[in-house]
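Working notes, structure below.
Treat the numbers as computed from the prediction; the structure is a model and nothing was measured.
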Amino acid sequence: MVREARKEELNDLLELYLYLHEDSIPAHDEHLKDTWDQIMNDNNHHLIVNEVDGKIVSSCVCVIIPNLTRNVRPYAFVENVVTHADHRKKGYARECLDYAKSIAQKENCYKMMLLTGSKKPETLHFYENAGYNSSDKTAFIQWI
């Protein structure tokens with residue numbers, strides 16, 4: 001079942017993120033709590049999860065960004081697409097991306113963007129099959 005994350009699911013998400021690029025779960029301190037509260041209370045921040053048999057197996061984030069161009073239409077940014085290793089290649093991440101797209105359409109976004117650090121052909125093919133392309137824009141990253 002695809003849905004938005006609930007406040008009590010922070011630990012489940014942090015464990016899932018170990019399959020993304022994290023090597024440990026952050027300390028449960030005030031900074032983590034404040035960040036989680038900020039995410040949960042932001043109407044433009046959608047933390048999407050896919051739950052199977054009561055366990056979160058896949059997730060992505062979709063942030064709606066207000067915009068003054070394109071007839072004052074917002075755009076959506078997708079990040080942190082991840083699936084638990086035991087549940088890959090079953091369509092769960094695609095369902096999360098489709099849910100994100102439905103949010104973007106409802107919010108009248110004119111585009112959706114995502115970045116991936118992966119160069120694996122199967123990952124790039126996955127995003128292409130989900131409707132994204134790598135030819136319309138050029139992405140640049142500056143790490144801080």
Side-chain angles (χ1 to χ4, degrees), residues 1-52 55-85 87-120 122-144:
M1 170 178 66
V2 182
R3 59 177 173 74
E4 293 203 39
R6 295 186 289 258
K7 190 164 180 86
E8 66 272 11
E9 295 176 316
L10 173 59
N11 289 331
D12 297 331
L13 281 161
L14 293 176
E15 288 179 18
L16 181 63
Y17 286 162
L18 293 173
Y19 294 94
L20 185 61
H21 48 64
E22 300 300 308
D23 56 10
S24 65
I25 293 175
H28 281 67
D29 58 13
E30 279 303 306
H31 179 63
L32 177 65
K33 181 190 175 305
D34 290 346
T35 301
W36 182 242
D37 287 344
Q38 183 179 357
I39 290 168
M40 288 286 100
N41 293 319
D42 184 346
N43 290 330
N44 286 324
H45 199 129
H46 303 270
L47 210 160
I48 299 160
V49 299
N50 200 334
E51 178 185 342
V52 176
K55 179 180 178 172
I56 294 174
V57 299
S58 190
S59 180
C60 74
V61 171
C62 177
V63 179
I64 307 300
I65 302 169
N67 181 38
L68 295 174
T69 66
R70 302 289 180 154
N71 206 23
V72 196
R73 290 177 64 194
Y75 56 93
F77 189 79
V78 174
E79 184 63 89
N80 296 338
V81 180
V82 60
T83 301
H84 188 290
H87 297 274
R88 292 186 178 152
K89 300 198 183 300
K90 297 177 183 174
Y92 299 132
R94 175 64 185 264
E95 290 174 352
C96 288
L97 291 176
D98 289 346
Y99 193 94
K101 183 177 180 180
S102 71
I103 291 170
Q105 289 171 324
K106 184 180 122 258
E107 295 296 329
N108 196 31
C109 292
Y110 79 94
K111 71 177 176 182
M112 294 181 73
M113 299 183 296
L114 69 77
L115 300 172
T116 180
S118 178
K119 304 290 187 224
K120 295 178 186 175
E122 61 269 20
T123 302
L124 303 179
H125 186 67
F126 164 74
Y127 288 125
E128 288 169 353
N129 282 339
Y132 295 85
N133 75 70
S134 60
S135 59
D136 288 347
K137 297 271 186 172
T138 301
F140 290 88
I141 303 290
Q142 184 179 63
W143 297 105
I144 300 174

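- The shortest distance between side-chain heavy atoms of Ser59 and Asn80 does not fall below 4.5 Å.
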Please assess Ile64 against Phe77 for the test side chain to side chain contact (heavy atoms under 4.5 Å, CB included), listing each intermediate value before the final yes or no. CA-CA 7 Å; Ile64 307 300; Phe77 189 79; over 6 Å; no

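- Of the possible donor and acceptor atoms, none in the side chain of Trp36 sits under 3.5 Å from a partner among the backbone N and O of Leu10.
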Contacts table for residues 134-144: side-chain donor-acceptor under 3.5 angstrom, sequence neighbours left out:
residue, atom, partner, partner atom, Å
Ser135, OG, Asn133, OD1, 3.3
Asp136, OD2, Asn133, ND2, 2.9

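- Thr116 contributes atom OG1, which lies 7.5 Å from atom CG of Leu114 (distance to the nearest 0.5 angstrom).
- With hydrogens and angles disregarded, a donor-acceptor distance shorter than 3.5 Å links the side chain of Ser58 to the backbone of Val82.
- You'll find the side chain of Lys55 reaches within 4.5 Å of the side chain of His84, heavy atoms only.
- The neighbour count for Lys7 NZ, taken as heavy atoms of other residues, nucleotides or ligands under 6.0 Å away, is above 12.
- Taken to the nearest 0.5 Å, the CD atom of Glu79 stands 11.0 Å off from the CE atom of Met113.
- The nearest pair of heavy atoms linking Val57 to Leu16 is O-CD1, 3.7 Å.
- Side-chain atoms of Lys33 and Asp29, non-hydrogen and from C-beta on, never get closer than 4.5 Å to each other.
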Can Val61 and Val63 be said to form a side chain to side chain contact (heavy atoms under 4.5 Å, CB included), step by step? CA-CA 6 Å; Val61 171; Val63 179; 3.8 Å; yes

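- Surrounding CG of Asn43 are at most 12 heavy atoms belonging to other residues, nucleotides or ligands under 6.0 Å away.
- For the residue pair Tyr75 and Cys109, the shortest heavy atom distance occurs at C-SG, 3.7 Å.
- Between the side chain of His21 and the main chain of Leu18, no donor-acceptor pair closer than 3.5 Å is present.
- Aromatic ring orientation, Tyr127 versus Tyr132: perpendicular (interplanar angle above 60°, classes split at 30° and 60°).
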I would like to know whether Glu4 and Leu47 meet side chain to side chain contact (heavy atoms under 4.5 Å, CB included); could you show each step before the answer? CA-CA 6 Å; Glu4 293 203 39; Leu47 210 160; 5.9 Å; no

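- Separating the CZ atom in Arg6 from the CE atom in Met40 is a distance of 10.5 Å, to the nearest 0.5 Å.
- Atoms CD1 and CD, from Ile56 and Glu51 in turn, are 6.5 Å apart once rounded to the nearest 0.5 Å.
- Phe126 has its side chain within reach of Arg94: a pair of non-hydrogen atoms, C-beta onward, lies under 4.5 Å apart.
- Using a 4.5 Å cut-off on side-chain heavy atoms (C-beta onward), Leu115 and Val78 make no contact.
- In this structure, NZ on Lys90 lies 10.5 Å from OG1 on Thr83, to the nearest 0.5 angstrom.
- By the 4.5 Å heavy-atom criterion applied to side chains, Met112 and Lys101 are counted as neighbours.
- In this structure, the side chain of Asp42 does not engage the main chain of Gln38 through any donor-acceptor pair within 3.5 Å.
- There is no side-chain donor-acceptor pair under 3.5 Å between His87 and Asn50.
- For the atom pair Lys111 NZ and Ile65 CD1, the distance stands at 9.0 Å (nearest 0.5 Å).
- Between Val49 and Leu13, some side-chain heavy-atom pair lies under the 4.5 Å cut-off.
- Electrostatic pairing of Glu9 and Arg3 counts as a salt bridge here, judged by a charged N lying under 4.0 Å from a carboxylate O.
- Scanning all heavy atoms of the two residues, the minimum distance from Leu32 to His28 falls at CD2-CA, 3.8 Å.
- Contact check for Ile103 versus Ile48: side-chain heavy atoms found under the 4.5 Å cut-off.
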